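Just so it is clear, the model here is predicted, and its values are computed rather than measured.
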Number of protein chains: 2
Amino acid sequence: MAEVPVEMSLRHGLLGLLAEAPASGYDLTRRFAEVLGPVWPARHPQIYAELTRLADEGLIEVASRGPRGRTAYRITDAGLAEVRRWLAHTETDHTLRVEGVLRSVFFWLMSPQQLQRHLQREVAFYTEMAARYRRLAEAEDRGEYGDEPPVRSLRLAVEAGIRLYETLADWARWAATRPITAPASTAAPATSADPTEPAAGTGAE
Amino acid sequence: MAEVPVEMSLRHGLLGLLAEAPASGYDLTRRFAEVLGPVWPARHPQIYAELTRLADEGLIEVASRGPRGRTAYRITDAGLAEVRRWLAHTETDHTLRVEGVLRSVFFWLMSPQQLQRHLQREVAFYTEMAARYRRLAEAEDRGEYGDEPPVRSLRLAVEAGIRLYETLADWARWAATRPITAPASTAAPATSADPTEPAAGTGAE
DNA sequence: TTACACATGTAACACGTTACATGATTTT
DNA sequence: AAAATCATGTAACGTGTTACATGTGTAA
């Protein structure tokens with residue numbers, strides 16, 4: 001209680017999910033993995049630890065105990081107030097941390113062949129993710145999950161997923177058309193003895 | 001040398017920057033803050049610690065010592081090989097971690113007023129960041145930094161910045177038009193007595 | 001009866017931030 | 001002479017991952 005206010009997204013993510021309905025650490029781990037994974041990953045040890053802390057602080061409480069040690073938690077009034085405080089009265093941390101973009105700063109260290117291969121894989125990945133979120137959005141739009149406020153909120157996050165991954169796919173496609181190491185006339189020349197490529201097999205993969 | 005291969009973006013980010021030219025911890029801290037900050041933040045204690053480790057492992061070496069204890073490092077052949085290995089032969093970590101999107105999952109816990117206010121601020125922030133990157137891109141396109149491969153690479157990262165922030169700005173604007181808590185007819189009705197708004201001050205902050 | 005999904009946890013370590021600390025050179 | 005900037009570092013802590021460990025209930 002005499003603690004300084006801390007910012008920490010996982011804790012508020014858990015509180016937010018529990019604001020919808022009681023859930024166990026196991027449930028929450030799955031929701032994080034399935035829905036929030038790409039936006040906010042969290043493994044079970046971290047989740048269980050945080051739940052213990054939240055309970056100690058009175059922001060959540062045990063709702064029920066089930067079969068194999070299953071412990072479901074319910075959010076308390078204090079917990080609800082805390083998520084709301086976080087949402088409405090704290091600054092969003094705007095750090096992005098996109099490794100795919102960080103790597104692009106160093107593309108000049110790759111051979112044109114390696115770069116094309118890399119960007120193709122990136123495009124494939126981002127496209128697939130965009131499609132996955134698009135399917136989710138369509139299911140939601142078909143009303144498969146109802147249209148309660150929590151579902152409408154989730155729809156927004158899903159839309160962000162679609163748009164972000166589409167943007168990254170477009171970006172990677174565009175990047176593939178830009179000459180980096182070669183002074184270049186138009187696009188990739190495909191063949192060239194390249195000193196950046198190690199002689200023999202790359203080993204793994 | 002008998003170490004297991006580790007993945008870790010900061011270390012490769014540093015190696016990548018040093019592949020361009022020798023630099024000190026101070027220089028690298030500034031480059032991370034100025035250019036890579038929004039994509040990959042790193043504070044000086046982490047950078048100095050990592051530089052020490054990289055030097056121990058022979059991936060970089062002291063290039064020169066300057067005025068007030070300044071120590072510039074240069075990448076070694078082993079270091080160059082390591083960045084290249086990372087770029088061409090390791091999987092990109094595709095985790096996004098965007099707090100602004102995580103928060104959207106819980107928008108239903110905010111009053112319409114709070115939500116509009118929040119989204120307005122988000123739009124403002126993302127728009128400003130997009131503009132900042134756009135200015136950088138324009139300077140690069142004007143040739144102000146030359147057109148060497150490292151600059152061309154950086155141009156790609158800058159483009160990603162523009163596109164990602166624009167996407168987020170658009171998304172936030174779109175989100176503001178979607179009814180969450182109200183069953184709604186068209187757009188935001190602006191006034192409504194809302195039980196989600198706590199009566200008095202929320203306390204701290 | 002065997003395997004699988006459910007369910008929770010600990011320990012060790014890797015990564016990252018904040019606060020503190022120190023001192024040198026340069027600019028005003 | 002003071003302030004700003006350069007330049008590096010330590011210590012403590014917060015956050016996040018991996019590997020290990022353990023046991024229960026259900027379905028094949």
Over how many whole Å does the gap from [X] atom [atom1] to [N] atom [atom2] extend?
X	N	atom1	atom2	value
B/Leu28	D/dG9	CG	P	13 Å
B/Glu50	D/dT8	CD	P	16 Å
A/Ile47	D/dG16	CD1	C1'	11 Å
B/Leu51	D/dA7	CG	P	14 Å
B/Arg43	D/dT8	CZ	P	18 Å
B/Asp93	C/dG16	CG	P	11 Å
B/Glu34	D/dT5	CD	P	13 Å
B/Arg65	C/dT25	CZ	P	15 Å

Side-chain N or O of [X] closer than 4.0 Å to phosphate OP1/OP2 of [N]:
X	N	value
A/Arg68	D/dG23	no
A/Tyr48	C/dG9	no
B/Tyr26	D/dC6	yes
A/Arg30	C/dC6	yes
B/Arg70	D/dT8	no

Classify the nucleic acid contact of [X] as base, sugar-phosphate or nothing, counting any heavy atom under 4.0 Å across all strands shown.
X	answer
A/Arg53	nothing
B/Ser24	sugar-phosphate
B/Arg97	sugar-phosphate
A/Thr71	sugar-phosphate

Short N-O contact, [X] and [Y], less than 4.0 angstrom:
X	Y	value
A/Arg53	A/Glu50	yes
B/Asp27	B/Arg30	no
B/Glu138	B/Arg135	no

Centroid-centroid under 6.0 Å between B/Phe32 and B/His44 rings: no
Pi-cation contact, B/Trp174 with A/Arg163 (under 6.0 Å, within 45°):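 Positive - A/Arg163 is close enough to the ring of B/Trp174 and near enough to its axis.
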A/Trp40 six-ring centre to B/Arg103 NZ/CZ under 6.0 Å and within 45° of normal: no
Among [options], find the nucleotide with the atom closest to the side chain of [X].
X	options	result
A/Gln46	D/dG9, C/dC6, D/dG16	D/dG16
A/His44	D/dA7, D/dT17, C/dG9	C/dG9
A/Pro45	C/dT10, D/dA7, C/dC15	C/dT10

More than 12 heavy atoms of other groups within 6.0 Å of A/Asp56 CG: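 Yes, CG of A/Asp56 has more than 12 neighbouring heavy atoms, counting only those of other groups under 6.0 Å.
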Toward the 5' end of DNA chain D, by each residue's nearest nucleotide, A/Gly69 or A/Leu10: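 Taking each residue's closest nucleotide, the earlier one in sequence belongs to A/Leu10.
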Between the first and last five pairs of the helix from C/dT1-D/dA28 to C/dT28-D/dA1, the angle of the axes, rounded to 10 degrees: 20°
Qualifying residues under side-chain hydrogen bond (donor to acceptor under 3.5 Å, both in side chains), relative to A/Thr167, sequence neighbours excluded: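 side-chain hydrogen bond (donor to acceptor under 3.5 Å, both in side chains) check on A/Thr167 returns B/Thr167.
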